[in-house]
Amino acid sequence: MENKKYLMGMTLEELKAVASHVSLPVYAAKQMADWLYKKKIQSVDEMSNIAANKRELLASHYEIGNRPPAEAIQSADGTIKYLFAVNNNTQFIESVYIPSKERATLCVSSQVGCKMNCLFCMTGKQGFSAQLTANEILNQIQSIPESEELTNVVFMGMGEPLDNTGELFKVLEILTSSYGYGWSPKRITVSTIGLIPGLKRFLEESNCHLAISLHSPYHEERLSLMPVEKVFHIDSIIDLLHEYDFSHQRRVSFEYIMFENLNDTEQHARELAHLLKGLDCRINLIKFHAIPGVNLHSSHERKMERFRDLLNSLGVICTIRTSRGEDISAACGMLSTAKNNKK
């Protein structure tokens, strides 16, 4: 029996190929996209403006491909962590819904695990298992109960988004295109540790916001935290960013997890300001959330505040990100499905 392909996650061009496959006119691709991404149907049978015999033929080869979360757990602060089965139900990933007064943000995953092995990240400790498909990424956004309430999506969950550019860019197209969700790119942020080939493509092809995981302005120190620094030096990343304009719609920010007595000194703040001089950007300071087997500790709140104030005085916009979902292991750097994947 033929394994049916999923329609959700297909771009308009891919839907045109589907239309051709079942002998539908080209314009049926736009109709299918409308059903998938605007009406968000559950079944091919609901595509009422496509002839019944064509719907039957379509349903024999394709299905929508939306699947509910396997599990949900809620934090005391209202954050909800969702568990999703992926890769034909053989593995799992997590995404995090973060409500606030002004926003409803979903932090989505792009890979099962991660190859990058950053010292401070539970996902990296899990190792890499698989790339998520556009269907599996979009399903995180479309299948949660709060889907219609979302104001923002951030690609800051499990995995390195720019290590999965083919599927990532399909999702960004669907989210921002008129045939898809029709979102402004300002509602979407893609986070990366700085894979330069993927970063170049992102800067050329997307107007979504960009977040760079920085964590130290010094090469050797960043290398001790992030093995990627050996291949993609932070200076090379900054040099590339200087070639682009971030003064209009698109924004670039830097994520900076603060570790006690490691990267939280006045010297670090001054070197950060020097490194980012001339770049229209901001820095988000993040509390480190302890993970097993890692001898790192978070900087004290007062030290983070002094670090923030010094950067602001040096002309770099800097804020402290509020930690959410720590009690359910949903905060920054805590996502891992190693236990579920073993099951």
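For this chain, numbers begin at 1 and follow the sequence in order.
Taking hydrophobic clusters as Ile, Leu, Val, Met, Phe, Trp and Tyr residues chained together by side-chain heavy-atom distances below 4.5 Å, L241 shares a cluster with V231. Grouping the Ile, Leu, Val, Met, Phe, Trp and Tyr side chains by contacts below 4.5 angstrom, directly or via other members, places V154 apart from L195. In the hydrophobic clustering of this structure, L262 groups with I193; members are Ile, Leu, Val, Met, Phe, Trp, Tyr whose side-chain heavy atoms approach within less than 4.5 Å, directly or through other members. Under a hydrophobic clustering in which Ile, Leu, Val, Met, Phe, Trp and Tyr are joined whenever their side-chain heavy atoms come within less than 4.5 Å, directly or via other members, M156 and F128 fall into different clusters. L24 is not connected to Y6 by any chain of hydrophobic side-chain contacts under 4.5 Å among Ile, Leu, Val, Met, Phe, Trp and Tyr, and they are in different clusters.
Residues I291 and K125 form a side-chain contact, since some pair of their non-hydrogen atoms from C-beta on lies under 4.5 Å apart. By the 4.5 Å heavy-atom criterion applied to side chains, S100 and R324 are counted as neighbours. Using a 4.5 Å heavy-atom threshold, the side chains of L168 and F155 count as touching. A heavy-atom distance below 4.5 Å is not found between the side chains of L119 and S224. By the 4.5 Å heavy-atom criterion applied to side chains, F307 and L272 are counted as neighbours. I234 is listed as a side-chain neighbour of I238, based on a closest heavy-atom distance under 4.5 Å. The side-chain heavy atoms of E167 and Q131, taken from C-beta on, include no pair separated by under 4.5 Å. Contact annotation: the side chain of L296 approaches that of F288 to within less than 4.5 Å [non-hydrogen atoms, C-beta and beyond].
Shown here for C318 and L311, the closest heavy-atom pair between the two residues is SG-CD1, 3.7 Å. Of all the heavy atoms in E255 and I286, the pair that sits closest is OE1-CD1, 3.4 Å. Smallest separation of non-hydrogen atoms from P69 and S143: CD-O, 3.9 Å. The two residues Q111 and G159 make their nearest non-hydrogen contact at OE1-CA, 3.3 Å. Across S329 and L335, no two heavy atoms sit closer than the pair O-CD2, 3.7 Å. Contact record, L132 with S109: CD1-O, 3.4 Å, taken as the closest heavy-atom pair.
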Check against side-chain contact (heavy atoms from CB on, under 4.5 Å), L214 and I257: CA-CA 8 Å; L214 180 55; I257 298 175; over 6 Å; no

Evaluation steps, side-chain contact (heavy atoms from CB on, under 4.5 Å), between T105 and L150: CA-CA 6 Å; T105 302; L150 293 177; over 6 Å; no

side-chain contact (heavy atoms from CB on, under 4.5 Å) between I98 and I80, worked out: CA-CA 7 Å; I98 310 165; I80 304 173; over 6 Å; no

F246/L203 under side-chain contact (heavy atoms from CB on, under 4.5 Å): CA gap, chis, key distance, verdict: CA-CA 10 Å; F246 296 99; L203 291 168; 3.7 Å; yes

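Atom CG of L279 is separated from atom CZ of F254 by 5.0 Å, given to the nearest 0.5 angstrom. Remark: L314 CG to K277 NZ distance equals 11.0 Å, nearest 0.5 Å. Between the NZ atom of K303 and the OG1 atom of T265 there is a distance of 8.0 Å, given to the nearest 0.5 Å. Separation of atoms NE2 (H289) and SG (C121) is listed at 12.0 Å; rounding is to 0.5 Å. Annotation: the span from K30 atom NZ to W35 atom CH2 amounts to 12.5 Å, rounded to 0.5 Å. Distance check: T133 OG1 to N87 CG gives 9.0 Å after rounding to the nearest 0.5 Å.
Side-chain contact annotation: Y179 with E173, donor-acceptor N/O pair under 3.5 Å present. Side-chain N/O atoms of Y62 and H21 include a donor and acceptor closer than 3.5 Å. Side-chain atoms of Y244 and E204 form a donor-acceptor pair, as typed in the model, at a separation below 3.5 Å. With hydrogens and angles left out, the side-chain atoms of E229 and H219 include a donor and acceptor closer than 3.5 Å. Side-chain contact check for Q126 and S336: at least one donor-acceptor pair (N or O, by modelled atom type) lies under 3.5 Å. For the residue pair Y97 and Q140, no side-chain donor N or O sits within less than 3.5 Å of a side-chain acceptor on the partner. Checked by atom type, the side-chain pair H268/E221 shows a donor-acceptor distance below 3.5 Å. S75 and D327 share a donor-acceptor pair across their side chains, judged by distance under 3.5 Å alone. Residues N284 and R308 bring no donor and acceptor atom of their side chains to less than 3.5 Å of each other. Using modelled atom types and a 3.5 Å distance limit, the side chains of E260 and S298 yield no donor-acceptor pair. No side-chain donor from either of E160 and S110 sits under 3.5 Å from a side-chain acceptor of the other. If you check the side chains of N88 and T90, you find no donor sitting under 3.5 Å from an acceptor.
Under the 30°/60° scheme for interplanar angles, the aromatic rings of F202 and F169 are found to stand perpendicular.
Of the possible donor and acceptor atoms, none in the side chain of E149 sits under 3.5 Å from a partner among the backbone N and O of E146. At distances below 3.5 Å, not a single donor-acceptor pair connects side-chain atoms of N164 with backbone N or O atoms of P161. Within the 3.5 Å criterion, the main-chain N or O of N263 finds a donor-acceptor partner in the side chain of Y256.
Ion pair E136/R67 not flagged as a salt bridge, since none of the NZ, NE, NH1 or NH2 atoms sits closer than 4.0 Å to an Asp/Glu carboxylate oxygen. Ionic pairing of R55 and D45 is not present here: no N-O contact between side-chain nitrogen and carboxylate oxygen is shorter than 4.0 angstrom. Between E148 and K40, at least one side-chain nitrogen of the basic residue sits less than 4.0 Å from a carboxylate oxygen of the acidic one, meeting the salt-bridge criterion. Taking 4.0 Å as the cut-off between side-chain N and carboxylate O, E301 and K287 do not count as a salt-bridged pair. No salt bridge links E63 with K4; every basic N to acidic carboxylate O contact stays at or beyond 4.0 Å.
The environment of NZ in K115 is crowded: more than 12 heavy-atom neighbours from other residues, nucleotides or ligands sit within 6.0 Å. For K230, the NZ atom sits in a loose shell: 12 or fewer heavy atoms of surrounding residues, nucleotides or ligands are nearer than 6.0 Å.
No option in I41, N139, I174 other than N139 meets the side chain to side chain contact (heavy atoms under 4.5 Å, CB included) test with M8.
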